[in-house]
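All chains are named by letter (A, B, ...) in the order of the sequence lines, taking the proteins before the strands, and each is independently numbered beginning at 1. Quantities reported herein were computed from a predicted structural model and do not represent experimental measurements.
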Number of protein chains: 2
Amino acid sequence: MKTKQETRPSTSERILSATLRLMSEKGYRSVTVKQIAAEAGFSEMTVFRTFGSKKAILDRLIENYLYNPPAEKTIRDRLTYDLETDLLMLSEFYHETVAATEQIYLLSVMERSVMPDLHVNIHNNATKFTDIVADYLRTMQEQGKAVKGDPFVQAATLMYFNYGKFATYTMLPRADRLKNLQAAVAVIARGLAV
Amino acid sequence: MKTKQETRPSTSERILSATLRLMSEKGYRSVTVKQIAAEAGFSEMTVFRTFGSKKAILDRLIENYLYNPPAEKTIRDRLTYDLETDLLMLSEFYHETVAATEQIYLLSVMERSVMPDLHVNIHNNATKFTDIVADYLRTMQEQGKAVKGDPFVQAATLMYFNYGKFATYTMLPRADRLKNLQAAVAVIARGLAV
DNA sequence: GAAGCGTGTTAGTAAGCAGTAACATTATAG
DNA sequence: CTATAATGTTACTGCTTACTAACACGCTTC
């Protein structure tokens, strides 16, 4: 535990972020420890001294992710109960959240057959988010502010859209991740309005 | 060229499909030639005799895909110019098309840093499909049967949704790929109706 | 300045894997 | 039945890569 003052990242932190950067691009097997060391700015020996094995670095990455789950805290406080406003806010929040863990997402996709738990975990987080949106839509239906229908299917419509957009821009990096998000959400909001 | 009568697949065909099956799960590097041989029901030697190298199998797979592009033929003929009907038909057609090439899709995702061309090619096919939907929506707008707006953004809304659904079920295989497709498309169709 | 810690360097081992060579066996066609 | 094509078996080479051992260097701290 260092002082809270942000200093130069530690050796293990630099190795971890280098590993994540490389493996989210090429996958576990294609990345060599030598490449990790070079990316982190150390010698290969230091990597082995710090983590013991290549596998241990990956394990630590996943452990770190699982212990710092994407925060879903205070979205509910920000609801205005105006349909389009809220759906846009929820979508923007989703994109912020997943953008922060997109490298872990890519890794989980590429190594899904080796570490199915991680991939399922990430999927479950998305489902949780969909549940929140579904809860919201149920409330809106009760208030006569949203069209009647299965709220989970309605929420999933929005979330599959958001996921499709996220995945596209994550695997094919370009600018403008959120380009046209407002206009697209407006279409869905209109489809859900009364 | 054998007779047209469908016989037992040839050696090279069996090796190719075994390779695609394995590599779409684990990626190029994690699959050994020995595993390919076992999956195809041959000895390792036969694989090398047939293709010369591991890389050559992959090259052939991609070549086959590029020479048999997903057919987009006669969708336009099937349009009814009823918004929801057509958007559902287009979505179903999209899912049929991509389901047929989902293994190539998975491979292109996992090897995207090694073969960016394939990944971009697949993305371009999706964009072409979006263009078709956008053309359709433009026509519908002109006929006063769809709400005014940028038709490409409208089409992309539907297609990001479809892609999100496809990707979810492809990377996390379960039954019911098209479950709730109709209800979800109905939401989007409602958002696009006049 | 001595001790200890973090890091680098060099050399090496062991395992896995792509690919080759040579010969044996089985299946198929004429 | 025989010749040929397809496939199997075994043994091997060479390369890559995870990982270890041993020693050297420099920086901080007391």
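Checking A:Thr50 against B:Val31, the closest nucleotide of DNA chain C that is more toward the 5' end is the one next to A:Thr50. Residues A:Lys34 and A:Met45 both approach DNA chain D. Their nearest nucleotides, taken by heavy-atom distance, put A:Lys34 toward the 5′ side. Place A:Lys54 and B:Thr46 on DNA chain D by their nearest nucleotides, and B:Thr46 ends up nearer the 5' end.
With hydrogens and angles left out, the side chain of A:Arg49 and the base of C:dG8 share a donor-acceptor pair within 3.5 Å. The base of C:dG16 is not paired with the side chain of A:Arg29 by any donor and acceptor separated by under 3.5 Å.
B:Leu181 and A:Val153 are assigned to two separate hydrophobic clusters, defined by single-linkage of ILVMFWY side chains at heavy-atom distances under 4.5 Å. Cluster annotation: B:Val109 and A:Val120 are assigned to distinct hydrophobic clusters (Ile/Leu/Val/Met/Phe/Trp/Tyr, side-chain heavy-atom contacts under 4.5 Å, transitive).
Taking the side chain of A:Ser43 as heavy atoms from C-beta on, and the options D:dT7, C:dG19, C:dG8, the nearest nucleotide is C:dG8. Nearest to the side chain of B:Thr11, among C:dG19, D:dA6, C:dG8, sits D:dA6.
Of the candidates A:Tyr160, A:Tyr105, A:Phe129, A:Tyr105 is the only one forming a ring pair (Phe, Tyr, Trp, His ring centres under 6.0 Å) with A:Phe166.
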Convert the base pairs of DNA chain D into dot-bracket notation, remembering that pairs crossing earlier ones are written with [ ] and that bases paired across to another strand are shown as |; include only Watson-Crick or G-U pairs under 3.5 Å. ||||||||||||||||||||||||||||||
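Using a 4.5 Å heavy-atom cutoff, the side chains of B:Glu142 and B:Arg138 are in contact.
Within a 6.0 Å radius of NZ in B:Lys54, more than 12 heavy atoms belonging to other residues, nucleotides or ligands are found.
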